[in-house]
Q: 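Quick one: the structure is below, and I'll ask about it shortly.
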Amino acid sequence: NAGVTQTPKFRVLKTGQSMTLLCAQDMNHEYMYWYRQDPGMGLRLIHYSVGEGTTAKGEVPDGYNVSRLKKQNFLLGLESAAPSQTSVYFCASVRDGSYEQYFGPGTRLTVT
Amino acid sequence: AQSVSQHNHHVILSEAASLELGCNYSYGGTVNLFWYVQYPGQHLQLLLKYFSGDPLVKGIKGFEAEFIKSKFSFNLRKPSVQWSDTAEYFCAVKDNYGQNFVFGPGTRLSVLP
């Protein structure tokens, strides 16, 4: 039981490049979340999903897109990376009704 | 919209000192409250949570938190900290109207041996 995994762990992009971050969970959780963590700002919600095929915007969705084609996977895409998207990205999943979030190890993204 | 504030940005304590970290939220309805901890280089882990019932909740590693509804607060406490408690602590709130969780900015705790 791996819990929540994230791929890749580190990435450096040039401005304008695109990439996809993958989050996978093997706990059959319904809800999944993408956050970014910046110093002094805590975690801010980018997008979330309440089930396969559904997505919703969080607090800071601009510049990001997401997809949840399979229940176990939640993808976060950056179509045209900007330096302001330099951050640590965390994925989390929640079992329906428990509200306890299980976090992945994070992806450190640097955009130059 | 819901917001969460944490009173201290950085707290420095000596081992065996008592700890209290403040957390206040803005929404006055029914909420679920959480404290998460992030040890250096690791991902966030749940310390404790409050849904309903006894406002004093106990979590892992000797931590506890008290929910005071009238003050919109959910402060984290530990009677005697250890060097291994050095970490960043995040308060989070979820209200009953959606699936969003709102996190506070975090408090960095440094425990000196």
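By convention in this document, chain letters (A, B, ...) are assigned in the order of the sequence lines, proteins followed by strands, and residues within each chain are numbered from 1. Side chains are part of it too, since the values below use all heavy atoms of this structure and drop only hydrogens, waters and symmetry mates.
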Q: With only heavy atoms counted, which part of F51(B) is less than 4.5 Å from chain A, the side chain, the backbone, both or neither?
A: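 The answer is the side chain of F51(B).
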
Q: Mind checking the CZ-CD spacing from F103(B) to Q101(A)? Nearest 0.5 Å is all I need.
A: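 Going from CZ on F103(B) over to CD on Q101(A), the span is 4.5 Å.
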
Q: Can you tell which of F90(A), Y102(A), Y35(A) has the highest number of heavy-atom pairs within less than 4.5 Å of chain B?
A: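 Heavy-atom pairs under 4.5 Å are most numerous for Y35(A).
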
Q: In terms of heavy-atom pairs under 4.5 Å with chain A, which of R108(B), Q38(B), K49(B), Q42(B) leads?
A: Q38(B)

Q: Measure the shortest side-chain to side-chain distance between Y64(A) and L78(A) over non-hydrogen atoms and say whether it is less than 4.5 angstrom.
A: yes

Q: Judged by atom type as modelled, is there a donor-acceptor pair below 3.5 Å linking the side chain of W35(B) to the main-chain atoms of E64(B)?
A: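 No, W35(B) side chain to E64(B) backbone: no donor-acceptor pair under 3.5 Å.
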
Q: Side chain from CB out, backbone as N, CA, C, O: work out which of these in V94(A) comes under 4.5 Å of a heavy atom of chain B, or both, or neither.
A: side chain

Q: What heavy-atom pair brings K71(A) and M32(A) nearest, and what distance separates the two atoms?
A: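 Minimum heavy-atom separation between K71(A) and M32(A): O-SD, 3.6 Å.
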
Q: As an exercise: rank G104(A), A56(A), G106(A) by heavy-atom pairs under 4.5 Å with chain B and give me the winner.
A: G104(A)

Q: Please look at Q45(B) and chain A and tell me whether the side chain, the backbone, both or neither of the residue comes under 4.5 angstrom of a heavy atom of that chain.
A: neither

Q: Is it the side chain or the backbone of L43(A) that comes within 4.5 Å of chain B heavy atoms, both, or neither?
A: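 Both backbone and side chain of L43(A) come within 4.5 Å of chain B.
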
Q: Is the Lys NZ or Arg CZ of K94(B) less than 6.0 Å from the centre of Y99(A)'s six-membered ring, within 45° of the axis?
A: yes

Q: Please classify the contact of L44(B) with chain A as side chain, backbone, both or neither, using a heavy-atom distance under 4.5 Å.
A: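 For L44(B), the contact with chain A is made by backbone and side chain together.
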
Q: Using the rule given for side-chain hydrogen bond (donor to acceptor under 3.5 Å, both in side chains), can you reason through S26(B) versus Q2(B), listing the C-alpha separation, both sets of side-chain angles and the distance that settles it, and then say yes or no?
A: CA-CA 6 Å; S26(B) 61; Q2(B) 180 71 267; 3.1 Å; yes

